[in-house]
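For reference, the structure is listed below as structure tokens.
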Amino acid sequence: MHQTNSKLRFRTKSVLTGWSFVLLAVILIFVFYFYPMLQALILSFQTGTGSNLTFTGFDNYSRLLSDKTFIVSVKNTFIYLLVQVPLMIILALFISVLLNDSKLRFKGFFRTAIFLPCVTSLVAYSVVFKYLFSGNGLVNTMLLKLHLVSAPIEWITDPFWAKITIILAITWRWTGYNMIFYLSALQNIDHSIYEAAKIDGASSSRQFFGITVPLLKPIILFTSITSTIGTLQLFDEVMNITKGGPGNATQTISQYIYNLSFKYAADFGYAATVSYSIVIMIALLSVIQFKVAGDKNG
Amino acid sequence: MKKGFALVLICLLLLTACSSNSGSKNTSNSAADTGKTENTAATEPAQAKEITIWAWDPAFNIAALEVAKAEYAKTNPDVKINIVEYAQADIIQKLNTGLNSGTTKGLPNIVLIEDYRSQSFLQSYKDSFYDLSSSIKGADFADYKSGPTSLDGKQYGVPFDSGVTGLYVRTDYLEQAGYKLADLQDIDWKQYIEIGKAVKEKTGKALITLDPNDLGLIRVMIQSAGEWYLKEDGKTPNLAGNAPLKEAFEIYKELTESNVAKVHADWSQFVAALNSGDVASVPTGNWITPSITAEASQSGKWGIAPLPKLTANKSVHASNLGGSSWYVMNVDGKETAADFMAKTFGSNVEMYQKLLTDIGVIGTFKAAAGGEAYSQANEFFSGQKIVSDFAAWTEQIPSVNYGINTYAIEDILIVEMQNYLNGKDIDSVLSDAQAQAESQIK
């Protein structure tokens, strides 16, 4: 009797200790994450400028579907997503495999060089890109001097090239970041697997697709989900390089939220609705990615 | 021992977290309380006070505030004035978030707001701005400023700088093409383009530089004809069937198609195009003067003509681009802030002379235009009396209601402008824009 009692006391005590450790984090998360999220959800059912907000039910959500600017922003965001994320992931994978080669010299230098873009501020690098790609910027001057083009390319003022510029910029900024994940995962793959494959006569491309890719699958899934989320929230680059232009050819959903809140007469209710549309999209895309690539690893 | 220490730490953290929360409540309550006592104390003589002012542009608005601060200190040495510089976009964000949060803590006493945006703030946050009707008279300022700065017959803003436009031209390029500044005194935009073609042919220089993301030129053109993106009520979109807007679009297209326009993507490229001598003219607000005179080597090569006008309409040779006004927030210290505004920007003619000679601010205070500084010749512009020209044009600017949706509509028009330049029919361009604006603006 006495023994079970002390056991029980010990259990409750350890449970309480456990909770007291997480309690702080839980409270902070509730106060700073869930409470604002709930407020934003309530806000998304209201319309009006500034503080004159009134409840209008699902009006905002039906307005989304007929809002041309919103649809264009979604379209642009998905173009970035479909072109840039695969491009970046393949590039990061490729570079990390190259850098993982045991015979490579100056490994540290190359790793740092490729990772370095990630430590630059988003705004700073965007401004640099804007100047590099401006009408008489370095890129155009170089192309002209090399006689690769006959007239300067309108990197920022042409709807097509502006998208290319944005994609180039994000790829430059984030490839190194994803590469680090792949590198660390590659270092966890046992060398003996590759040796065994070599003895069996597998070519290096066979090794890459047969060993490296399957073993990196969870990391590929992770990076593609974080990159997808990152792209859906794309803001700084577009805001600073093209301001969403020309017209709204490069405008993203996040930038539209900013415009609704701060550029136009402030309509925070509708802006909250647009942000919830991003939440829904991210959730859907993540589920799809888990289903496609995840299997049991996910 | 260790556990106990951890517990103490956690409790401390939680306590501080909670207390900071209740703390902010307390302060907001006390702010409200002092607000109440303020009202009762308003009849008593002003006590030692401190007011905060937000504005952007250190070379212009902030510099003007410094002058006003020095002037006010002569009569009211007990008032402490804090001038805070933020970028305009930051001010808009801070105001919007501050006013929405429901607490007036952290908001300034006086804030500078661009005229195109002022109505959206005045109407969106009705009780957050202080009625200045008893401190200043709207009629003392240029007529076109009354629309943006007042609401429901009450004067909320102190009109500040004039955005009056002129056509800045390179007289040396003009002469090479066979024209003189005198030939540009009464032209319309079509003639302007013809001159541009001649300039391009003779000098190889572009006539104008345009930003595809900024329809400032369109705004200038339609205001010169007394029209705006919105009808007079400031709410109904006025795009389809707006004759001046249609003509402005056609001129814009002609500018881009007749090969006389360059393209820029931001402010620094814009100024670079002027300073490098790449463009022969720029139709814009008078606030560009410091940027043009900054290139000292071009002294004597610039002149300022009246703005070209639209053909078919009641358009005049004067319009406005940009410009802003001061607003007093309805927070603790509003009486002091209103007094500061009334004694400086609201009445002080001498101060306006100083603002003009020291900083180059052309105000919209009518009485100031009679002062000496306004009739001085400018050496850079070959002795032209540019300020008295601008002051005369300021009086002719047609007054329009900017409403609350200028920028929302402009973003729709920017897209439709691209469609128009790519060959879409002008009438369907404007009616599509109208339909979009109607669905978007509620």
Side-chain angles (χ1 to χ4, degrees), chain A residues 17 20-21 23-24 27-28 31-32 43 47-53 56 59-60 63 66-70 72 127 130-131 133-137 152 154-159 162 239-251 256 258-270, chain B residues 3 6-7 9-10 13-14 17-18 21 89-90 92-93 95-97 99-102 117 119-128 210-214 262-266 268-269 272 403-419 422 432 435-436 439-442:
Chain A
T17 326
S20 69
F21 273 115
L23 189 67
L24 185 68
I27 289 176
L28 289 178
V31 172
F32 291 104
L43 190 62
T47 313
T49 55
S51 50
N52 314 322
L53 289 166
T56 48
D59 268 14
N60 280 344
R63 180 178 163 187
S66 61
D67 183 348
K68 276 191 188 169
T69 319
F70 173 71
V72 169
V127 172
K130 187 169 97 181
Y131 282 96
F133 284 86
S134 70
N136 49 6
E154 291 185 32
W155 288 106
I156 287 168
T157 43
D158 179 85
M239 187 74 186
N240 287 297
I241 299 179
T242 64
K243 290 206 199 87
N248 50 18
T250 52
Q251 181 167 295
Y256 188 45
Y258 177 88
N259 285 349
L260 284 170
S261 318
F262 300 119
K263 191 177 175 192
Y264 312 150
D267 187 346
F268 290 106
Y270 187 52
Chain B
K3 229 184 243 171
L7 211 74
L9 268 183
I10 290 170
L13 242 170
L14 278 176
C18 298
N21 201 358
D90 293 344
I92 296 164
Q93 280 183 37
L95 271 188
N96 265 317
T97 45
L99 291 168
N100 260 285
S101 71
R117 291 185 198 277
Q119 285 294 319
S120 94
F121 279 104
L122 292 180
Q123 293 180 25
S124 301
Y125 307 102
K126 274 209 168 109
D127 298 324
S128 302
L210 298 170
D211 180 351
N213 264 333
D214 181 359
K262 253 175 77 79
V263 172
H264 66 265
D266 63 16
S268 61
Q269 288 177 18
I404 66 169
N405 292 308
T406 295
Y407 285 106
I409 293 185
E410 177 145 322
D411 272 8
I412 295 170
L413 285 178
I414 286 170
V415 177
E416 286 300 329
M417 176 62 91
Q418 291 299 320
N419 295 339
N422 291 333
D432 284 1
Q436 260 192 71
S439 76
Q440 210 173 87
I441 294 164
K442 301 211 167 141

Which residues pass the side chain to side chain donor-acceptor pair (under 3.5 Å) test with B/Tyr125, not counting sequence neighbours?
B/Asn96, B/Asn100
Minimum-distance pair of heavy atoms, taken over all atoms of A/Ala265 and B/Ile404:
CB-O, 3.4 Å
Of the backbone (N, CA, C, O) and the side chain (C-beta and beyond), which part of A/Asp67 lies under 4.5 Å from a heavy atom of chain B, both, or neither?
side chain
Which bit of A/Tyr270 comes within less than 4.5 Å of chain B, counting heavy atoms only: side chain, backbone, both or neither?
neither
Go through the atoms of B/Ser128 and report whether side chain, backbone, both or neither lie under 4.5 Å from a heavy atom of chain A.
neither
Would you indicate whether B/Asn422, at its atom CG, is surrounded by more than 12 heavy atoms from other residues, nucleotides or ligands within a distance under 6.0 Å?
yes
Minimal heavy-atom distance between B/Gln436 and A/Lys68, with the atoms involved, is NE2-CD, 3.6 Å
Please determine, among B/Thr406, B/Val415, B/Ile92, the option with the most heavy-atom pairs under 4.5 Å with chain A.
B/Val415
Is A/Asn136 close to B/Gln269 at the side-chain level, that is, under 4.5 Å between some pair of heavy atoms?
no
Rounded to the nearest 0.5 Å, how far apart are NZ of A/Lys243 and CG of B/Asp211?
6.5 Å
CG (B/Asn213) and CG (A/Asn248) are apart, to the nearest 0.5 Å, by 9.5 Å
When rounded to the nearest 0.5 Å, the distance separating CG of A/Leu260 from CG of B/Asp411 is 10.0 Å
Bottom line for B/Gln93: the part with an atom under 4.5 Å from chain A's heavy atoms is both
Part of A/Asp267 within contact of chain B (heavy atom distance under 4.5 Å):
neither
Atom pair NE2 (B/His264) and CD1 (A/Ile156), whose distance is rounded to the nearest 0.5 Å
12.5 Å
Please report the interatomic distance OG1(B/Thr97) to CZ(A/Phe268), rounded to the nearest 0.5 Å.
7.0 Å
Roughly how far, to the nearest 0.5 Å, is CD1 of B/Ile412 from OG1 of A/Thr69?
6.0 Å
